[in-house]
Amino acid sequence: MRDPDTVVVKIGGARAVDPEGALADIASVREDGTDIVVVHGGSTAVDDALERMGIEPEYVETPSGVVGRFTDAETMDVFKMALAGQVNTDLVVGLRNQGVDAVGLSGVDGGLFTGPRKSAVRVVEDGTKKIRRGDHSGTIGSVNGDLLSTLLSDGYTPVASPPMLADDGVAVNTDADRAAAAVAAELEGTLVSLTDVAGVYRDPDDPSTAIGRVDTPDAYEELRTAAEGFMGRKVMAATEALEGGAERVVVADANANAPVRSAIDGGGTDVLPSALE
């Protein structure tokens with residue numbers, strides 16, 4: 001399998017994800033001449049910060065079954081501190097210690113991620129569909145690809161995270177998986193989504209049921225059926241990336257040996273554009 005020109009590595013924020021192996025592998029892949037953009041979440045860091053401040057995090061389920069965080073104004077302030085501050089800085093430090101000339105960005109910097117703010121979100125509570133207002137979140141409509149390309153051409157490795165800049169001029173939360181998908185689509189690259197499991201499982205409790213290559217519509221339907229909870233969001237992001245022009249998407253284990261290289265070489269759940277035809 002040929003090496004991609006550009007790889008977007010999404011580093012998940014789950015507690016079980018240890019980024020050190022991924023950072024070392026990013027340095028190795030970067031040395032081989034592959035451009036890399038890192039996009040990260042930080043759910044654990046946000047939850048930990050909320051707990052220290054005595055704020056209870058709230059997760060909601062959409063009618064399509066995707067679980068996500070409800071971000072009110074107070075939570076948004078914590079979100080900015082934890083993600084754009086702590087997690088982003090720690091990853092940049094880790095990469096620079098591996099010899100990578102990393103540059104940290106939030107989605108606000110240079111208008112990296114922009115788009116509409118959600119005036120309300122549809123959620124399901126106790127089996128009933130409801131409308132929730134006051135959410136500080138948005139959907140990325142545009143990625144500043146010129147900014148990323150300029151940094152890459154100058155030898156830098158961008159490390160990007162939410163928040164995004166909404167069209168009403170407010171910094172708001174946006175899903176990191178979908179942000180990574182938007183970057184991969186903009187750069188027409190390969191998206192490697194690193195998480196705490198080795199791909200999408202047919203049986204979520206049985207790693208031996210991991211789905212490998214997804215390259216036909218039938219295999220894609222099986223993938224969508226198998227994806228549950230947070231994995232459903234990753235499959236949604238994979239779909240958006242491929243529809244937007246990404247070369248391929250791999251959902252893989254962040255804690256595997258050489259996780260980025262392993263994913264590029266076919267490890268994990270490998271979704272190709274032909275699956276959407």
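Not measured: the values here are computed from a predicted model. We use all heavy atoms of the structure for the numbers below, so side chains are in, but hydrogens, waters and symmetry mates are not.
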Linking I/L/V/M/F/W/Y whenever their side-chain heavy atoms sit closer than 4.5 Å, directly or via other members, would [X] and [Y] fall into one cluster?
{"X": "Val39", "Y": "Val250", "value": "no"}
{"X": "Ile11", "Y": "Phe113", "value": "no"}
{"X": "Ile211", "Y": "Tyr201", "value": "yes"}
{"X": "Val37", "Y": "Val143", "value": "yes"}
{"X": "Leu148", "Y": "Val9", "value": "no"}

Around [X], counting heavy atoms of other residues, nucleotides and ligands shown, do more than 12 lie under 6.0 Å from its [atom1]?
{"X": "Glu221", "atom1": "CD", "answer": "yes"}
{"X": "Glu74", "atom1": "CD", "answer": "no"}
{"X": "Arg202", "atom1": "CZ", "answer": "yes"}

### Task
Check step by step if side-chain contact (heavy atoms from CB on, under 4.5 Å) holds for Thr174 and Val172.
CA-CA 7 Å; Thr174 192; Val172 298; 5.9 Å; no

### Task
Determine, step by step, whether Arg248 and Thr190 satisfy the side-chain contact (heavy atoms from CB on, under 4.5 Å) criterion, reporting the C-alpha distance in whole Å, the side-chain angles of both residues, the deciding distance to 0.1 Å, and the verdict.
CA-CA 5 Å; Arg248 58 192 278 236; Thr190 290; 3.5 Å; yes

### Query
Per the side chain to side chain contact (heavy atoms under 4.5 Å, CB included) rule, which among Thr71, Asp48, Leu50 passes with Val78?
Leu50

### Task
Determine, stepwise, if the pair Met236 / Asp175 fulfils side-chain contact (heavy atoms from CB on, under 4.5 Å).
CA-CA 11 Å; Met236 177 194 298; Asp175 179 69; over 6 Å; no

### Message
What's the separation between atom CG in Leu194 and atom NZ in Lys234, rounded to the nearest 0.5 Å?
### Response
9.0 Å

[X] side chain vs [Y] backbone, donor-acceptor pair below 3.5 Å:
{"X": "Ser262", "Y": "Ala258", "value": "no"}
{"X": "Thr89", "Y": "Gln86", "value": "no"}
{"X": "Thr114", "Y": "Gly111", "value": "no"}
{"X": "Asp18", "Y": "Glu20", "value": "yes"}

### Message
Which residues pass the side-chain contact (heavy atoms from CB on, under 4.5 Å) test with Asp205, not counting sequence neighbours?
### Response
Asp203

### Message
Quick one, Thr239 with Arg224, criterion side-chain contact (heavy atoms from CB on, under 4.5 Å). Give me CA distance, side-chain angles, the key distance, then yes/no.
### Response
CA-CA 10 Å; Thr239 303; Arg224 290 186 59 194; 5.7 Å; no

### Query
Does the side chain of Asp72 pick up a donor-acceptor pair with the side chain of Thr75 at under 3.5 Å?
yes

### Distance-only donor-acceptor check, side chains Thr216 and Asp218, under 3.5 Å
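No.
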
